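Contents: one structure, followed by commentary.
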There are 2 protein chains.
Amino acid sequence: MDTLLAQPKQTFVNLPREKRENVVRAAVIEFAEHGYQRASLNNIVKRLGISKGSLYQYFDNKEALFLHVFDHFTQQVKQHVKASVAGNGQDDFFAVARQVLLAGITFIDNHPEYFQVYLKVLFERDVPRREELVARVRLFSLEYFGPLADRAVGQGILREDISAHKVVFILDAMLDRFLQGYAQPYLDGGLALAGMSPERLHNEIDSIVAVLRTGLQPNRQ
Amino acid sequence: MDTLLAQPKQTFVNLPREKRENVVRAAVIEFAEHGYQRASLNNIVKRLGISKGSLYQYFDNKEALFLHVFDHFTQQVKQHVKASVAGNGQDDFFAVARQVLLAGITFIDNHPEYFQVYLKVLFERDVPRREELVARVRLFSLEYFGPLADRAVGQGILREDISAHKVVFILDAMLDRFLQGYAQPYLDGGLALAGMSPERLHNEIDSIVAVLRTGLQPNRQ
DNA sequence: TCATAATGTGACCGCCTGGTCATATTATGG
DNA sequence: CCATAATATGACCAGGCGGTCACATTATGA
């Protein structure tokens with residue numbers, strides 16, 4: 001799970017850090033704009049002001065460059081989420097969900113292009129090792145919420161007529177959809193999430209978490 | 001809203017129905033597999049066994065062909081949903097939601113390629129008139145559930161601390177995500193929706209609707 | 001200083017794309 | 001039957017793609 005998807009060539013590793021970062025940044029932008037297949041290596045080298053031959057001294061081919069970019073993405077998102085939730089370890093199930101949602105928002109704010117790359121991978125065919133890439137992100141969510149949901153079931157926090165599996169699905173669906181709406185305004189169903197002030201955004205999140213809490217906790221009728 | 005996005009040329013209209021349907025079918029398959037930009041007109045004419053010149057006698061260009069395909073999609077989905085819900089007009093808010101979800105499932109079963117085209121449009125940049133296309137589908141959902149939610153609020157069926165707008169967002173998010181998971185198995189969070197028997201699928205749907213009902217109805221604590 | 005290794009370069013290759021157009025084929029109706 | 005209109009064809013075009021490679025430039029260390 002934590003093994004790398006692809007190694008750059010030694011030449012790339014030897015490069016000064018700033019140049020390496022430039023290359024990755026330019027590649028991320030191109031893949032974010034056009035997805036994998038339509039992304040153009042010619043555009044990338046043009047943007048960087050280097051020759052195409054150089055890029056091929058850094059990576060074996062387009063696929064290796066792309067996988068390297070995706071590696072960066074997964075590393076950053078995991079690190080960001082874990083750091084965001086770290087301080088609130090003892091909170092209840094839904095408070096953690098809220099925290100993860102907020103972490104997603106700030107990640108998108110900080111790295112909108114990386115999230116675009118992910119969205120592209122979700123819905124583009126012929127992306128190399130697509131299932132594996134998506135699974136890396138998805139499994140992170142499942143691994144993260146799965147045990148929490150199991151524990152919550154044990155504590156009687158969740159209603160018993162729905163499996164922990166399904167709880168995670170519902171939670172994941174809401175989080176994912178909310179973040180998609182935040183990243184792509186025309187997906188937000190008229191909520192205008194994109195331009196929203198942080199306070200109102202927090203209100204929206206609280207509303208949704210409240211609905212999930214009421215819907216998922218044991219029945220009190 | 002109901003005006004067409006693009007007209008084919010007269011030559012296409014004059015064609016016998018079967019040939020017209022063949023052309024549209026081949027185009028749908030190609031756009032479903034590769035999205036707009038990567039779809040190849042050469043592939044389409046090869047699959048049809050006609051010359052490229054002929055295709056250009058039917059449509060002005062790639063964009064016109066694509067928009068014609070999307071017109072077909074929206075017409076079919078609207079017709080299908082309306083027909084599915086028609087008999088159950090007097091049901092309550094959540095029963096209608098359940099019915100729409102079921103209609104979505106059967107639509108995907110009947111026309112998986114059309115739904116793929118829609119998913120591609122959602123996440124591909126540079127699709128001609130993308131916002132407009134997405135809006136056509138989205139607005140249908142909003143127009144459909146919006147009035148229902150308003151009425152439900154008036155009847156006191158929905159909790160009062162959340163706007164009808166937000167209710168529609170949550171509902172739409174769950175429906176959309178469920179259908180995405182059904183159409184693209186690696187999006188289903190391990191629920192294995194794709195290969196599921198109809199009975200178990202209905203159980204899943206009922207569970208989710210139950211959670212929404214409990215979460216969205218007035219608080220009874 | 002100079003031989004060797006590492007790195008950078010861009011013209012070039014074969015392939016595919018959306019789109020064009022002169023020409024061939026077929027249908028129509030007087 | 002034949003002139004005209006409608007339809008079908010595929011070679012061809014310019015442009016972009018991923019990828020290659022012979023060569024130029026720079027860095028290294030003895």
Side-chain angles (χ1 to χ4, degrees), chain A residues 6-24 26-27 29-31 33-70 120 124-129, chain B residues 6-24 26-70 120 124-129:
Chain A
Q7 280 110 357
K9 290 188 180 180
Q10 187 60 39
T11 307
F12 184 71
V13 180
N14 294 341
L15 244 45
R17 183 158 46 88
E18 191 189 334
K19 195 159 189 177
R20 276 201 319 261
E21 290 175 354
N22 280 343
V23 171
V24 172
I29 290 174
E30 181 70 13
F31 285 121
E33 281 189 355
H34 302 294
Y36 176 77
Q37 295 285 357
R38 284 251 308 160
S40 157
L41 300 187
N42 289 329
N43 274 354
I44 293 175
V45 299
K46 208 179 297 166
R47 217 179 310 222
L48 284 168
I50 67 173
S51 70
K52 188 146 59 161
S54 286
L55 193 57
Y56 274 86
Q57 303 237 41
Y58 301 156
F59 297 92
D60 281 326
N61 48 36
K62 188 182 188 181
E63 177 173 336
L65 171 61
F66 172 71
L67 293 176
H68 182 73
V69 162
F70 203 88
K120 285 284 162 35
E124 185 178 345
R125 205 171 280 210
D126 299 333
V127 174
R129 301 162 74 174
Chain B
Q7 281 110 357
K9 290 187 179 180
Q10 186 60 40
T11 307
F12 183 71
V13 179
N14 294 341
L15 245 44
R17 182 160 46 88
E18 192 190 333
K19 196 160 190 178
R20 276 201 319 260
E21 290 175 353
N22 281 343
V23 170
V24 171
V28 170
I29 290 173
E30 181 70 13
F31 285 121
E33 281 189 356
H34 302 293
Y36 176 77
Q37 295 286 356
R38 284 252 307 161
S40 157
L41 300 186
N42 289 330
N43 275 354
I44 294 175
V45 298
K46 209 179 297 167
R47 217 179 310 222
L48 284 168
I50 67 172
S51 69
K52 189 146 56 161
S54 285
L55 194 57
Y56 274 86
Q57 303 237 42
Y58 301 156
F59 297 92
D60 281 326
N61 48 35
K62 190 182 188 181
E63 176 172 336
L65 171 60
F66 172 71
L67 293 176
H68 182 73
V69 162
F70 203 89
K120 285 284 160 36
E124 185 179 344
R125 205 171 280 210
D126 299 333
V127 174
R129 301 162 75 174

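We name chains A, B, ... by the order of the sequence lines, and we start the count at 1 in each one. Worth saying up front: this structure is predicted, and the values here are computed from it rather than measured.
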If you take all heavy atoms of B:G35 and B:E124, which pair is closest and at what distance?
->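 For B:G35 versus B:E124, the nearest heavy atoms are CA-OE1, 3.3 Å.
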
Determine the minimum heavy-atom distance between B:N61 and B:Y56, stating which atoms define it.
->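 Nearest heavy atoms, B:N61 then B:Y56: CA-CE2, 3.9 Å.
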
Side chain of A:E30, backbone of A:L41: donor and acceptor closer than 3.5 Å?
->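 Absent.
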
Determine yes or no for a side-chain-to-main-chain donor-acceptor pair under 3.5 angstrom, with A:Q37 supplying the side chain and B:R38 the backbone.
->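 Between the backbone of B:R38 and the side chain of A:Q37 there is no qualifying donor-acceptor contact (under 3.5 Å).
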
With a cut-off of under 6.0 Å to the ring centre and 45° to the axis, is A:K62 in cation-pi contact with A:Y36?
->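 Yes, a cation-pi geometry holds between A:K62 and A:Y36.
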
Can you give one letter per nucleotide of nucleotides 4-19 of chain D, going 5' to 3': B for a protein heavy atom under 4.0 Å from the base, S for sugar-phosphate only, - for none?
-> ---SBBB------SBB

Parallel, tilted or perpendicular: ring planes of A:F12 versus A:F59, cut at 30 and 60 degrees |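 Aromatic pair A:F12/A:F59 classed tilted.
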
Do the non-hydrogen side-chain atoms of A:Y58 and A:I50 ever get within less than 4.5 Å of each other?
->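 Answer yes - side chains close enough.
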
Starting from P on D:dT20, measure out to CZ on A:F59 and report it in whole angstrom.
->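 Value for this atom pair: 16 Å.
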
To the nearest angstrom, how far is B:D126 atom CG from C:dG18 atom P?
->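 It works out to 14 Å between those atoms.
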
Watson-Crick or G-U stems of DNA chain C, 3 or more pairs, under 3.5 Å, by first number =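 For DNA chain C the paired stretches long enough to count as stems (3 pairs minimum) are C:1-30 with D:1-30.
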
With a cut-off of 6.0 Å (strictly less than), are more than 12 heavy atoms of other residues, nucleotides or ligands near CD of B:E21?
->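 Yes, CD of B:E21 has more than 12 neighbouring heavy atoms, counting only those of other groups under 6.0 Å.
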
